[in-house]
There are 2 protein chains.
Amino acid sequence: MTLSLPDLTKNQSLVFETLSQAEAPLSAYTILDQLRSEGFRAPLQVYRALDKLLEHGLIHRLESLNAFVACRHSHKHQGTTVFVICGRCGDVDELTDQVVNDQLMQRAVERDFTVESAMVELRGCCGSCSQ
Amino acid sequence: MTLSLPDLTKNQSLVFETLSQAEAPLSAYTILDQLRSEGFRAPLQVYRALDKLLEHGLIHRLESLNAFVACRHSHKHQGTTVFVICGRCGDVDELTDQVVNDQLMQRAVERDFTVESAMVELRGCCGSCSQ
DNA sequence: AACAAACACGTAATGTCATAACATATCGAT
DNA sequence: ATCGATATGTTATGACATTACGTGTTTGTT
Ligand SMILES: [Zn+2]
Ligand SMILES: [Zn+2]
Ligand SMILES: [Zn+2]
Ligand SMILES: [Zn+2]
């Protein structure tokens with residue numbers, strides 16, 4: 001099954017392909033290095049593409065790593081996304097949880113706080129790496 | 001009630017005082033600038049003090065801001081701490097929530113993931129700033 | 001006291017992540 | 001064809017963090 005993607009420009013496609021094929025989160029500068037053979041020369045070429053891909057929801061930024069991953073969800077995100085990040089192999093899984101989301105929003109409302117964005121990241125060791 | 005603090009060195013005390021008196025999260029370099037009059041010259045002086053203060057649990061690092069705050073809890077942290085960060089005034093509140101913590105741990109266990117650390121940060125607008 | 005280990009500190013250099021500023025090019029609608 | 005919006009190329013700079021090396025200070029042991 002192929003996702004119907006928004007039209008991506010050349011640079012956006014290159015960055016997205018790079019992230020999609022990676023097995024772990026990549027920093028913008030790592031992406032830059034991998035795309036030098038395609039003519040990339042400067043960080044801004046990467047960051048601009050990343051910005052658009054983030055807007056489209058095709059990728060995510062992991063705040064605790066200063067790195068980026070292609071989205072693994074085939075469905076639209078609803079509520080807060082929880083990122084589960086293995087520190088050994090770098091694998092990143094993502095999940096949405098109604099209970100977590102509702103509880104966070106409830107606690108925010110209680111204190112009259114308007115949530116504009118939420119970050120939830122679990123760092124640790126995945127099943128495969130624990131064997 | 002005064003906390004019984006671990007013995008802090010001169011540099012650690014200076015950094016902790018700076019953070020304690022701040023009304024918003026501070027970056028390491030902002031702390032450095034504020035402590036130049038006290039003889040601080042290099043980022044490492046700040047980062048080393050921050051490391052120790054983090055170990056002692058006296059301060060927290062906000063991953064989504066690359067900045068630090070003094071802990072506002074008078075009690076020991078149990079489980080995941082949720083940081084609630086106002087983007088207007090910079091105020092940071094922290095709370096612990098059993099439901100959020102248990103649900104996150106449950107979802108981790110389900111997928112055989114061992115959590116080593118969890119980060120939860122809500123960005124938005126606080127009650128005072130919404131008036 | 002003498003010694004050694006552990007810890008804290010000072011300094012310079014470097015590494016890593018991200019954006020500002022400015023110029024040029026491409027595309028699409030009128 | 002012209003115009004506005006978007007995308008791109010390039011250089012420089014800003015912001016966050018660590019490596020490497022040397023020195024000083026404390027502490028526990030002999
Ligand atoms: Zn996703
Ligand atoms: Zn793993
Ligand atoms: Zn705290
Ligand atoms: Zn506020």
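Throughout, a chain's letter reflects where its sequence line sits, starting with A, and its residues are numbered from 1.
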Separation of D/dG9 atom P from A/Leu35 atom CG, nearest Å, is 11 Å
Quick one: the dot-bracket string of DNA chain D, using Watson-Crick and G-U wobble pairs with both distances under 3.5 Å, [ ] for crossing pairs and | for bases paired to another strand. ||||||||||||||||||||||||||||||
Gap between atoms CG and P, on B/Leu32 and C/dG10 respectively (whole Å): 12 Å
Answer yes or no: is there a side-chain heavy-atom contact under 4.5 Å between A/Leu19 and A/Leu50? yes
Beyond-backbone contact of B/Asn66 with B/Arg61, side-chain heavy atoms, under 4.5 angstrom: yes
One should read off an interatomic distance between B/Leu26 CG and B/Thr18 OG1, to the nearest 0.5 angstrom, of 7.5 Å
For B/Glu23, I'd like to know if atom CD has over 12 heavy atoms of other residues, nucleotides or ligands within 6.0 Å. no
State, without any angle test, whether A/His77 and A/Glu94 hold a side-chain donor-acceptor pair at a distance under 3.5 Å. yes
Whole-Å distance separating the CG atom of A/Asp7 from the P atom of D/dA7: 11 Å
Which nucleotide in the set D/dG9, D/dA7, D/dT11 lies at the smallest distance from any side-chain heavy atom of A/Gln45? D/dG9
C/dC7, OP1 or OP2 - any side-chain N/O from B/Thr9 closer than 4.0 Å? no
In A/Leu104, A/Asp102, A/Val120, the residue satisfying side chain to side chain contact (heavy atoms under 4.5 Å, CB included) with B/Val100 is A/Leu104
If you count heavy atoms of other groups shown closer than 6.0 angstrom to CZ of B/Arg41, is the number above 12? no
Are A/Leu95 and A/Val69 linked, directly or through other ILVMFWY residues, by side chains that come within less than 4.5 angstrom of each other? no
Pick the closest DNA chain D nucleotide for A/Lys52 and for A/Gly39 by heavy atoms, then say which residue is nearer the 5' end. A/Lys52
Quick one: A/Arg36 CZ to D/dG9 C1', roughly how many Å, whole number? 14 Å
What is the distance, to the nearest angstrom, from the CD1 atom on A/Ile31 to the C1' atom on C/dT16? 14 Å
Contact string for nucleotides 13-23 of chain D, one letter per nucleotide 5' to 3', B = base within protein heavy-atom range under 4.0 Å, S = sugar-phosphate only, - = neither, reads ---BBBBB---
Going through the distances and angles, do B/Gln21 and B/Gln34 end up as a side chain to side chain contact (heavy atoms under 4.5 Å, CB included)? CA-CA 12 Å; B/Gln21 290 161 19; B/Gln34 293 191 206; over 6 Å; no
Which nucleotides of nucleotides 24-30 of chain C have their base under 4.0 Å from a protein heavy atom (B), which only their sugar-phosphate (S), and which neither (-), written as one string 5' to 3'? -------
Whole-Å distance separating the CD atom of A/Glu38 from the C1' atom of D/dT8: 16 Å
Measure the spacing between CG of B/Asp91 and SG of B/Cys125 and express it to the nearest 0.5 Å. 11.0 Å
Using atom types as modelled and distance alone, determine if a side-chain donor or acceptor of B/Gln103 lies under 3.5 Å from a backbone N or O of A/Val99. no
